[in-house]
Protein chains: 2
Amino acid sequence: MMPYQLLKDNLKRNLDLSSKELEQICSYFTTKEIKKKEFLLTQGSICKFEGFVVQGCFRVFSLDKNGNDNTLYFAAKDWWLMDIDSFMNQSPSELNIQALEDSKVLLISREDKQALCSSLPIVEKLFKIMFQKAIVSWQRRLIRNHSLTAKERYLYFINTYPNISLKLTDKQIAGYLGIRHEFLSKIKKNKK
Amino acid sequence: MMPYQLLKDNLKRNLDLSSKELEQICSYFTTKEIKKKEFLLTQGSICKFEGFVVQGCFRVFSLDKNGNDNTLYFAAKDWWLMDIDSFMNQSPSELNIQALEDSKVLLISREDKQALCSSLPIVEKLFKIMFQKAIVSWQRRLIRNHSLTAKERYLYFINTYPNISLKLTDKQIAGYLGIRHEFLSKIKKNKK
DNA sequence: AAAAAAAGTTGAACAAGTTCAACTATAAAA
DNA sequence: TTTTATAGTTGAACTTGTTCAACTTTTTTT
């Protein structure tokens with residue numbers, strides 16, 4: 001599917017927009033290709049874009065002082081991608097965004113997003129809705145982390161995101177679940 | 001402080017609004033008093049309002065099938081309060097919102113919020129910004145949950161929210177941290 | 001003021017998850 | 001294709017957090 005069509009479909013699922021509006025929104029996005037293992041953002045630098053994944057897969061993670069790897073989320077085709085905090089405040093990012101395979105994204109810069117919002121105010125509403133949905137996901141994930149065991153979280157993850165999990169190593173999945181990869185290995189062994 | 005002044009100050013911290021705009025926004029909110037232990041929302045019902053706490057304190061939590069209590073967050077004076085999912089989609093809520101003490105909130109209904117957004121489009125932007133900030137908080141909390149021990153999370157909580165923690169029982173704090181209250185009791189005993 | 005309910009403490013046994021180290025298997029690079 | 005790096009496995013000892021039950025303390029209700 002054409003990259004911009006994927007974006008349009010994604011936007012339409014959030015808010016009913018005319019094709020003229022969709023065109024106008026899309027015109028602000030530029031395509032970028034990222035090779036496997038390359039970074040779209042590294043900890044300490046400033047997030048200049050908001051991204052939409054058209055092809056491939058990314059991992060968004062932070063490294064703490066002990067070098068432990070906290071994966072916030074994965075973003076495959078049809079997912080959004082950014083460090084909201086750094087993008088919003090133009091402050092140094094605490095996150096890394098790395099391509100797990102050769103990927104393609106649509107990017108919009110902060111200035112262009114502001115220009116777009118000014119010229120087409122309904123975009124504010126669009127992003128408001130997208131952010132609302134994101135909050136619900138984060139809340140639910142927190143509840144799962146508190147109420148499910150590591151094994152249950154693992155099964156939930158692979159069942160809910162079968163396509164994404166196929167692209168990931170167990171080490172990466174463990175980082176998302178908040179457990180050591182050795183333990184994930186033991187979980188999988190005992191899986192009936 | 002007058003309830004509406006607290007709300008105005010809160011809104012102004014998110015977006016630079018004229019006093020006329022602030023007046024207009026406030027005019028859509030109504031005051032409600034809630035007695036200690038009363039519920040503003042119960043699991044299964046539909047969230048009809050978005051709330052702003054003017055006085056008192058609330059606990060937002062869900063109960064799983066085992067009766068375990070997952071506290072999503074506490075909302076004291078100057079905090080917002082709602083089940084976004086239920087409010088947005090008018091779907092049955094998975095959350096409970098209970099007053100921990102006699103409290104006062106400002107409420108806006110879904111219809112009034114829509115009317116407000118129509119008559120004053122900058123309100124979309126205002127809520128977009130508020131939601132962006134909320135996402136950042138949820139992401140940071142997830143990272144803390146993955147990278148800190150229960151004791152470290154406890155110390156972080158009481159240091160970051162000293163006023164709120166004073167209003168809470170250890171059982172409630174344990175529910176927020178995602179640990180059993182017996183264990184929190186042992187953590188506190190060993191605290192140097 | 002007494003009774004009842006809820007919150008907090010403690011210990012002992014247990015379960016969940018970590019650490020470390022040694023090893024095997026797989027994938028990437030030369 | 002060989003080398004090298006990375007991912008995955010396993011066991012043993014360990015740490016963190018849970019469960020249950022009995023008990024004490026505090027708060028709420030009557």
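Throughout, a chain's letter reflects where its sequence line sits, starting with A, and its residues are numbered from 1. Predicted, not measured: the structure shown is a model, and the values here were computed from it. All values below were derived from every heavy atom in this structure, side-chain atoms included, with hydrogens, water molecules and symmetry-related copies excluded.
- When the P atom of C:dA7 is taken as reference, atom CD1 of B:Ile173 falls 13 Å away, rounded to whole Å.
- OP1 or OP2 of C:dG11 lies within a sub-4.0 Å distance of a side-chain N or O belonging to B:Lys189.
- Between the CD atom in B:Glu21 and the CG atom in B:Leu126 there is a gap of 9.5 Å [rounded to 0.5 Å].
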All N/O donor-acceptor pairs, side-chain side in residues 39-50 of chain A, below 3.5 Å, sequence neighbours left out:
{"residue": "A:Gln43", "atom": "OE1", "partner": "A:Leu63", "partner atom": "N", "Å": "3.3"}
{"residue": "A:Gln43", "atom": "OE1", "partner": "A:Asn96", "partner atom": "ND2", "Å": "2.7"}
{"residue": "A:Gln43", "atom": "NE2", "partner": "A:Leu63", "partner atom": "O", "Å": "3.1"}
{"residue": "A:Gln43", "atom": "NE2", "partner": "A:Glu94", "partner atom": "O", "Å": "3.2"}
{"residue": "A:Ser45", "atom": "OG", "partner": "A:Thr42", "partner atom": "O", "Å": "2.6"}
{"residue": "A:Glu50", "atom": "OE1", "partner": "A:Lys113", "partner atom": "NZ", "Å": "3.0"}
{"residue": "A:Glu50", "atom": "OE2", "partner": "A:Lys113", "partner atom": "NZ", "Å": "3.3"}

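- The NZ-P distance, from A:Lys35 to C:dA28, rounds to 14 Å in whole Å.
- Aromatic ring pairs are classed by plane angle as parallel below 30°, tilted from 30° to 60° and perpendicular above 60°; the pair B:Phe157 and B:Phe74 is tilted.
- Between A:Arg140 and B:Asp85 there is a salt bridge, since at least one side-chain N of the basic residue sits less than 4.0 Å from a carboxylate O of the acidic one.
- One atom, NZ of B:Lys171, and another, P of D:dT27, lie 15 Å apart when rounded to the nearest Å.
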- What string of B, S and - do you get for nucleotides 13-22 of chain C, 5' to 3', if B is base contact, S is sugar-phosphate-only contact and - is no contact with any protein heavy atom under 4.0 Å? ----BBBB--
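- For B:His181 and A:Lys36, each mapped to the nucleotide of DNA chain C holding its nearest heavy atom, the one lying further toward the 5' end belongs to B:His181.
- A:Asp170 places its CG atom 13 Å from the C1' atom of C:dT26, with the value rounded to the nearest Å.
- The side-chain hydrogen bond (donor to acceptor under 3.5 Å, both in side chains) test applied to B:Asn14 returns B:Lys133, not counting sequence neighbours.
- A salt bridge (charged side-chain N to carboxylate O under 4.0 Å, His left out) with A:Glu101 holds for exactly one of A:Lys36, A:Lys35, A:Lys167; it is A:Lys167.
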Which donor-acceptor pairs under 3.5 Å do the side chains of residues 116-124 of chain A make with protein atoms, sequence neighbours left out?
{"residue": "A:Ser118", "atom": "OG", "partner": "A:Gln114", "partner atom": "O", "Å": "2.9"}
{"residue": "A:Ser119", "atom": "OG", "partner": "A:Gln24", "partner atom": "NE2", "Å": "3.3"}
{"residue": "A:Ser119", "atom": "OG", "partner": "A:Ala115", "partner atom": "O", "Å": "3.4"}
{"residue": "A:Ser119", "atom": "OG", "partner": "A:Leu116", "partner atom": "O", "Å": "3.3"}
{"residue": "A:Glu124", "atom": "OE1", "partner": "B:Lys128", "partner atom": "NZ", "Å": "2.9"}

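- An end-to-end axis angle of 60° holds for the helix from C:dA1-D:dT30 to C:dA30-D:dT1, taken from five base pairs per end and rounded to 10°.
- Rounded to an integer number of Å, the gap from NE2 of B:His146 to C1' of D:dG17 is 16 Å.
- Residue B:Leu168 contributes atom CG, which lies 18 Å from atom P of C:dA6 at whole-angstrom precision.
- A salt bridge links A:Asp78 and A:Arg13; the closest N-O separation between the charged side-chain nitrogens and carboxylate oxygens is under 4.0 Å.
- In this view, B:Trp138 satisfies the ring pair (Phe, Tyr, Trp, His ring centres under 6.0 Å) rule with no residue, not counting sequence neighbours.
- The NZ atom of B:Lys188 sits 11 Å away from the C1' atom of C:dA7 (whole-angstrom rounding).
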